[in-house]
A.B. asks: 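Okay, here's the structure, questions in a sec.
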Amino acid sequence: MDRRFFSDRPILHDAAQLTGPEAEHLIRVLRGQVGDAVTLFDGSGAEFSARITGLGRSVVDLAVLARHDVCRETAVSITLGVALPKGERQRWLVEKAVELGVSRLVPLIARRGVAEPGAAAVARLSRYVIEASKQCGRNRLLQIAAPLPWGQYCRQADGAASRLLADFGPGAVPLAGLSAPDTTRDVWLAVGPEGGFTEDELAAAADWQRVSLGSRILRVETAALALAAFFSLQDSARTAPLGKLGP
């Protein structure tokens, strides 16, 4: 796959323009030249063959040569609610969620949460989504939703076909022991903070399927991705060959 760049404006005609971080990266890091071929995507689900026609100080002009409707999404829509970990672990979580095909990530506000998912954090996570999408080839962006209190997230999930909650309690069913999921229906997943959900918070999800991820203590981001992978890899096995390994 050649160099991919994200256009923050819909690509509707035979010309496009990159500005901001994407233009800066192409001009100053990759040393792009007029005539270079690149691939563009705008989050709509398509990708576009393009060629550089002009370079400014912080602007790149491109001729759009062809549109390609290439779908690399999972058949199932995966919503992942997670009480965010601290620091760079957030970036790793988002990158891998993008690679696994998660549709929507919802930062959860829980009583024992350790990170404050404010507006600045959401903007930062959204940038991680773009970077990961460029690398893995997704043409639709994972949505970083506005943070939600845990109880509100549970109410939004009412009616979802599958609702799984990572839990170390005695009533949890081993994830490996679950039957193959129905990958044609939407799923909602939930992972609490490092200290776990409180008893009151667990009571709000009384009708969720509680699943155990093994006998070892997992970090928040590891647990979240284990849940997502359970659905994503089942879907991939049914619909497409094994994905390529990236750098």
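Just the heavy atoms: all of them, side chains too, but no hydrogens, waters or symmetry mates, feed the values below.
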A.B. asks: If two hydrophobic side chains count as joined below 4.5 Å and joins carry through other members, does Trp150 share a cluster with Val114?
C.D. replies: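 The answer is no; the residues belong to distinct hydrophobic clusters.
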
A.B. asks: Can you find a heavy atom in the side chain of Leu164 that is under 4.5 Å from one in the side chain of Leu227?
C.D. replies: yes

A.B. asks: If you compare all heavy atoms of Arg51 against all heavy atoms of Gly35, which two are closest, and at what distance to 0.1 Å?
C.D. replies: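 So the two residues come closest at NH1-O, 2.7 Å.
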
A.B. asks: If I compare all heavy atoms of Ile217 with all of Phe168, which pair ends up nearest, and what's the gap?
C.D. replies: CA-CZ, 4.5 Å

A.B. asks: Are Leu80 and Trp188 close enough that some pair of their side-chain heavy atoms sits under 4.5 Å apart?
C.D. replies: no

A.B. asks: Can you get from Val191 to Leu202 by hopping between Ile, Leu, Val, Met, Phe, Trp and Tyr side chains that sit under 4.5 Å apart?
C.D. replies: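 Result: no, two separate clusters.
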
A.B. asks: What's the spacing between Asp36 CG and Thr53 OG1 if we round to 0.5 Å?
C.D. replies: 11.5 Å

A.B. asks: I'd like to know whether Leu40 forms a side chain to side chain contact (heavy atoms under 4.5 Å, CB included) with Glu47, so could you lay out the CA-CA distance, the side-chain angles of the two residues, the decisive distance to 0.1 Å, and finally the verdict.
C.D. replies: CA-CA 6 Å; Leu40 305 176; Glu47 60 189 29; over 6 Å; no

A.B. asks: If you measure from CZ on Arg138 to CD1 on Ile130, what distance do you get to the nearest 0.5 Å?
C.D. replies: 13.0 Å

A.B. asks: According to ring-ring contact (aromatic ring centres under 6.0 Å, His included), who are the partners of Phe5, at least two apart in sequence or on a separate chain?
C.D. replies: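 Phe5 satisfies ring-ring contact (aromatic ring centres under 6.0 Å, His included) with no residue once adjacent residues are dropped.
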
A.B. asks: Using the test side-chain contact (heavy atoms from CB on, under 4.5 Å), find all partners of Ser212 that sit at least two apart in sequence or belong to another chain.
C.D. replies: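 Counting only residues at least two positions away or on another chain, Ser212 forms a side-chain contact (heavy atoms from CB on, under 4.5 Å) with Ala172.
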
A.B. asks: Return the CG to OG distance between Leu65 and Ser49, rounded to the nearest 0.5 Å.
C.D. replies: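 The CG atom of Leu65 sits 6.5 Å away from the OG atom of Ser49.
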
A.B. asks: Report all side-chain donor-acceptor pairs from residues 82-91 shorter than 3.5 Å, counting only partners two or more places apart or in another chain.
C.D. replies:
residue : atom : partner : partner atom : Å
Arg89   : NE   : Glu221  : OE1          : 3.3
Arg89   : NE   : Glu221  : OE2          : 2.8
Arg89   : NH1  : Glu194  : OE2          : 3.2
Arg89   : NH2  : Glu194  : OE2          : 3.2
Arg89   : NH2  : Glu221  : OE1          : 3.1
Gln90   : OE1  : Arg124  : NH2          : 3.1
Gln90   : NE2  : Pro85   : O            : 2.8
Arg91   : NE   : Glu95   : OE2          : 3.3
Arg91   : NH2  : Glu131  : OE1          : 2.6

A.B. asks: Are Phe231 and Leu213 connected in the hydrophobic side-chain network, where two residues link if heavy atoms are under 4.5 Å apart?
C.D. replies: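 In one cluster with Phe231: Leu213, yes.
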
A.B. asks: Would you mind listing the cluster partners of Val70? Hydrophobic ones only (ILVMFWY), side-chain contacts under 4.5 Å, chaining allowed.
C.D. replies: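 Its cluster partners, ordered by chain and number, are none at all.
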
A.B. asks: Near Arg112 CZ, under 6.0 Å, is it more than 12 heavy atoms from other residues, nucleotides or ligands?
C.D. replies: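 Enclosed: over 12 neighbouring heavy atoms sit under 6.0 Å from CZ of Arg112.
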
A.B. asks: List the atom of Pro193, the atom of Val220, and the distance in Å for their closest heavy-atom pair.
C.D. replies: C-CG2, 3.9 Å

A.B. asks: Hydrophobic clusters here meaning ILVMFWY residues chained together by side-chain heavy-atom distances under 4.5 Å, can you tell me if Ile109 and Phe197 are in one?
C.D. replies: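 In one cluster: no.
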
A.B. asks: Are Gln17 and Val60 side-chain neighbours, meaning at least one heavy-atom pair lies under 4.5 Å?
C.D. replies: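 Not touching, per the 4.5 Å side-chain cut-off.
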
A.B. asks: Looking at every non-hydrogen atom in both residues, tell me the closest pair between Thr74 and Leu100 and how far apart they are.
C.D. replies: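 Closest heavy-atom pair between Thr74 and Leu100: CG2-O, 4.0 Å.
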
A.B. asks: Is the shortest side-chain heavy-atom distance between Phe41 and Leu141 below 4.5 Å?
C.D. replies: yes

A.B. asks: Leu189 versus Ile78: any side-chain heavy-atom pair under 4.5 Å?
C.D. replies: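 Leu189 reaches Ile78 side chain to side chain.
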
A.B. asks: Look only at the side chain of Tyr153 and the backbone of Gly81, and say whether a donor-acceptor pair between them is shorter than 3.5 Å.
C.D. replies: yes

A.B. asks: Show the atom names and distances, to 0.1 Å, of all donor-acceptor pairs under 3.5 Å that link a side chain in residues 21-32 to residues at least two apart or in another chain.
C.D. replies:
residue : atom : partner : partner atom : Å
Glu22   : OE1  : Phe6    : N            : 2.7
Glu22   : OE1  : Lys134  : NZ           : 3.3
Glu22   : OE2  : Arg127  : NH2          : 2.7
Glu22   : OE2  : Lys134  : NZ           : 3.0
Glu24   : OE1  : Arg28   : NH1          : 2.9
Arg28   : NH1  : Arg57   : O            : 2.9
Arg28   : NH2  : Arg57   : O            : 2.9
Arg31   : NE   : Arg28   : O            : 3.4

A.B. asks: Assess whether atom CG of Asp8 is packed by more than 12 heavy atoms of other residues, nucleotides or ligands within 6.0 Å.
C.D. replies: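 Yes - once you tally the heavy atoms of other residues, nucleotides and ligands closer than 6.0 Å, there are more than 12.
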
A.B. asks: So, are Arg72 and Glu99 salt-bridged, with charged N and O less than 4.0 Å apart?
C.D. replies: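 Salt bridge: no.
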
A.B. asks: State, with a plain yes or no, whether a side-chain heavy atom of Arg67 is found less than 4.5 Å away from one of Ile11.
C.D. replies: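 They are not in side-chain contact.
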
A.B. asks: Mark yes or no for whether Glu201, through its side chain, and Arg111, through its backbone, hold a donor-acceptor pair below 3.5 Å.
C.D. replies: yes

A.B. asks: Could you tell me which non-hydrogen atom of Val98 sits nearest to which non-hydrogen atom of Ser133, and how far apart they are?
C.D. replies: CG1-OG, 3.7 Å

A.B. asks: Closest approach of Asp186 and Ser77, non-hydrogen atoms and distance?
C.D. replies: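 Looking at all heavy atoms of both residues, the closest pair is OD1-CB, 3.3 Å.
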
A.B. asks: Rounded to the nearest 0.5 Å, how far apart are OG1 of Thr39 and CZ of Arg3?
C.D. replies: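 Going from OG1 on Thr39 over to CZ on Arg3, the span is 11.5 Å.
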
A.B. asks: So, do Phe230 and Val211 sit near enough that their side-chain heavy atoms are less than 4.5 Å apart?
C.D. replies: no

A.B. asks: Please examine the side chains of Leu105 and Gln143, heavy atoms only from C-beta on, and report whether any two atoms are closer than 4.5 Å.
C.D. replies: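 When only atoms from C-beta onward are counted, Leu105 and Gln143 do not touch, as no gap falls below 4.5 Å.
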
A.B. asks: As an exercise, state the distance from CG of Leu148 to CD of Gln156, rounded to the nearest 0.5 Å.
C.D. replies: 5.0 Å

A.B. asks: Could you give the distance from CZ (Arg4) to CD (Gln135), rounded to the nearest 0.5 Å?
C.D. replies: 9.5 Å

A.B. asks: Mind checking what makes side chain to side chain donor-acceptor pair (under 3.5 Å) contact with Asp42, not counting sequence neighbours?
C.D. replies: Ser44

A.B. asks: Val122, Leu108: one ILVMFWY side-chain cluster at the under-4.5 Å cut-off?
C.D. replies: no

